[in-house]
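This is a predicted model, so every value here is computed, not measured. The residues of the chain are indexed from 1 along the displayed sequence.
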Amino acid sequence: MIVAIFATMVPVGIGLGVYLAGTTSAMSYYNADAYDIRFSIVLYYLSIAAAFPFEKVISSKFRTKPYLTTSCILFIFINLILYNTQSLGTLLVLRFLSGALSNAFIGTLFTLIFQQFHSQRSRVLSYGILYGTLLGSVPLSYLIDAYVFTTYNFNLVFLLMIFACIPGFILLFVCLKDNIDLRREKTAISARVDWPSYVLYAAALTLSAYILCYGQYYNWFTSLHIILATIVFVIFLMLYFFRQLKLKTPFVNLDIYKSRNFRIGMLMLLVFYFAKGDTSVSYGFFNTAINLDVYHRAYVMTINGVGVFSGALLTARFLLTGTRIRLIWLTGFASLLFFHIYMLFIFGSQAETSDLLLPLFFQGFGNGTLMLSIVIFYATAVPTEIAFSASATGISYRFFTFTASMALVTFMGLRQQSIHYNDYGKELVNTNPEVAHHVATYQQTLLDRGASTLQATAGASRQLGAAVRAQTNLLYARDYYIYMSAFIFLTMLAIALIPHFHYHLRKISDKLTPI
């Protein structure tokens with residue numbers, strides 16, 4: 001059963017960013033641009049967040065084994081369609097459906113894990129295993145991308161998803177008894193499906209994702225397109241909140257916001273996702289300075305997954321032994337601060353692959369530590385009867401901040417690289433002896449390799465441009481890590497020094513520590 005749980009959970013986790021490292025291949029396959037591919041990735045996460053409370057009611061109406069079997073068949077069918085289509089519209093629709101469907105697996109697997117432990121320990125250990133596996137699955141997706149996108153057509157990734165999931169599906173089908181019933185709340189069997197709330201919620205989240213993914217493309221609020229999308233987003237969100245306030249049994253119970261610790265938990269979740277460290281910022285450095293191909297970059301990223309598992313499991317242990325959550329948060333943010341500062345010192349032409357292992361481990365360790373501790377913090381901050389609403393809302397906050405952090409990286413990348421490129425343009429003039437020396441070197445190298453004088457001149461200009469682009473990417477990455485280091489340091493100061501904040505963190509300790 002343990003093997004079946006992990007064999008099913010890992011492919012579902014990989015599905016979130018299964019082609020995150022294959023954006024170029026996806027752009028070519030679907031004849032789309034990077035914004036479209038990024039939006040298709042976000043749609044999967046968005047759909048999980050929107051359907052999480054919705055799936056709870058749906059699953060309560062069926063017994064576990066038939067429900068899970070039907071979900072497996074639908075999952076395979078969706079991926080078969082994706083394997084056989086090159087339509088971007090079909091990709092977007094089916095990625096949304098895949099995200100909603102993945103809740104069936106996440107909910108069932110979470111319940112199976114939850115039942116393996118004593119009630120006092122189940123919440124911490126179940127969350128630790130679940131989020132450790134889901135976060136740790138992301139580096140594995142880079143190995144899949146490296147194998148697929150350098151050898152085969154893009155669509156093979158969906159066929160691999162099917163074959164990756166089938167062993168887990170078969171094991172679960174064999175291990176689960178026919179009469180097993182894992183419905184989390186059997187009292188909800190007679191509850192009606194709240195379609196209007198789900199539609200409003202999903203529409204609001206979709207519009208927020210659209211604004212964040214395409215905002216840079218349309219130059220943000222200088223575009224009427226983005227302004228109209230924002231207005232409609234606000235309308236849907238307000239209608240959704242008004243409906244929850246009027247319903248006797250709301251889709252998501254808004255009483256969770258009455259808890260001060262829940263609000264603190266949401267704030268920490270937002271801070272964490274902005275501070276967790278975006279390794280995509282360093283990929284230009286990995287490619288140009290260290291000369292890592294996609295295979296070696298994928299192998300290096302596995303150490304990040306090891307860090308995630310280590311952080312999650314150690315955090316679970318410390319939570320159960322009564323360690324103050326304030327100290328755990330400081331440890332997690334200190335790991336992320338170490339990652340950002342260490343990366344600043346290895347930016348350069350002398351860096352080696354071995355230099356990347358330690359910072360990537362600490363980045364994963366910080367992610368695993370903070371994700372688990374923050375989720376446990378806000379999940380225990382509300383009464384048990386509305387704890388599910390807290391979990392569902394936390395997923396939405398994670399989706400929103402994940403997407404917003406991607407938008408921030410894109411915005412900073414274009415802005416900072418443009419600034420540095422313009423600065424270089426002022427220096428790269430023919431009268432600059434350093435520029436003339438480099439151009440002459442490039443020309444001579446090309447002439448020695450058999451190029452004509454005309455070819456050598458044109459080639460030297462291209463090589464100079466490539467060198468400038470590589471340097472501007474390094475300077476942008478340096479700026480990003482400096483800003484993030486300052487942000488993390490200020491966050492740690494706030495956690496450590498604000499007395500009121502400290503008091504409320506101590507109040508939660510009794511709920512975290514088994515007696």
Side-chain angles (χ1 to χ4, degrees), residues 110 114 117-132 134-135 256-277 307-339 362-384 386-395 397-398 401 487-515:
F110 184 78
F114 196 88
F117 304 107
H118 189 275
S119 59
Q120 291 178 327
R121 308 165 69 86
S122 60
R123 179 174 286 185
V124 173
L125 294 176
S126 298
Y127 275 121
I129 293 173
L130 178 69
Y131 285 105
L134 292 178
L135 285 174
I256 54 178
Y257 288 101
K258 295 179 180 179
S259 168
R260 184 188 298 271
N261 279 334
F262 178 79
R263 297 196 299 269
I264 292 175
M266 293 299 100
L267 174 63
M268 294 307 300
L269 199 61
L270 296 175
V271 170
F272 161 61
Y273 263 90
F274 279 113
K276 73 185 186 71
V308 169
F309 280 112
S310 302
L313 294 178
L314 283 174
T315 299
R317 180 59 185 167
F318 282 119
L319 286 172
L320 292 173
T321 55
T323 304
R324 287 184 178 179
I325 201 166
R326 182 174 66 97
L327 298 178
I328 295 175
W329 285 357
L330 287 173
T331 301
F333 281 113
S335 297
L336 295 182
L337 183 61
F338 176 84
F339 163 73
F362 272 91
Q363 195 255 0
F365 184 86
N367 286 345
T369 299
L370 290 169
M371 175 60 82
L372 177 59
S373 59
I374 292 172
V375 168
I376 290 294
F377 180 77
Y378 71 69
T380 56
V382 299
T384 305
I386 59 173
F388 182 82
S389 293
S391 298
T393 303
I395 294 176
Y397 272 77
R398 289 199 298 275
T401 318
F487 177 67
I488 295 170
F489 180 73
L490 292 175
T491 300
M492 294 176 66
L493 280 180
I495 294 173
L497 300 179
I498 297 178
H500 190 69
F501 195 48
H502 183 191
Y503 167 73
H504 287 287
L505 293 185
R506 285 190 300 154
K507 280 179 64 178
I508 200 72
S509 61
D510 291 339
K511 294 184 179 181
L512 294 173
T513 310
I515 300 173

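- Under the 4.5 Å side-chain criterion, counting only non-hydrogen atoms from C-beta, Ile495 is in contact with Met268.
- Here the closest non-hydrogen pair linking Arg263 and Tyr257 is NH1-O, 2.6 Å.
- Checking side-chain atoms of Ser259 against main-chain N and O of Ile256 turns up no donor-acceptor pair under 3.5 Å.
- The two residues Gln363 and Lys276 come nearest to each other via the heavy atoms NE2-O, 3.0 Å.
- In plain terms, the two heavy atoms of Thr369 and Ser373 that are nearest each other are O-OG, 2.8 Å.
- Looking at heavy atoms from C-beta onward, Phe377 lies in side-chain contact with Ile264 at the 4.5 angstrom threshold.
- With rounding to the nearest 0.5 angstrom, the OG1 atom of Thr315 is 6.0 Å from the CZ atom of Phe365.
- Checked against Ile488 for a side chain to side chain contact (heavy atoms under 4.5 Å, CB included), the options Phe333, Phe338, Phe339 give a single hit: Phe333.
- Here the shortest heavy-atom pairing between Leu330 and Met492 reads CD2-O, 3.6 Å.
- Using a 4.5 Å heavy-atom cutoff, the side chains of Leu269 and Thr401 are not in contact.
- The line from CG of Leu319 to CD1 of Ile328 is 4.0 Å long, rounded to the nearest 0.5 Å.
- Note on ring orientation: taking the six-membered ring where Trp is involved, the planes of Phe262 and Tyr378 are perpendicular (angle over 60°, cut-offs 30° and 60°).
- The CG atom of Asn367 sits 12.5 Å away from atom CG of Leu372, with the distance rounded to the nearest 0.5 Å.
- Contact of the Met371 side chain with the Tyr273 side chain is registered, since non-hydrogen atoms from C-beta on lie closer than 4.5 Å.
- Within 6.0 Å of the CZ atom in Phe487, the count of heavy atoms belonging to other residues, nucleotides or ligands exceeds 12.
- Note that CZ of Phe272 is 7.0 Å distant from CG of Leu336, once rounded to the nearest 0.5 Å.
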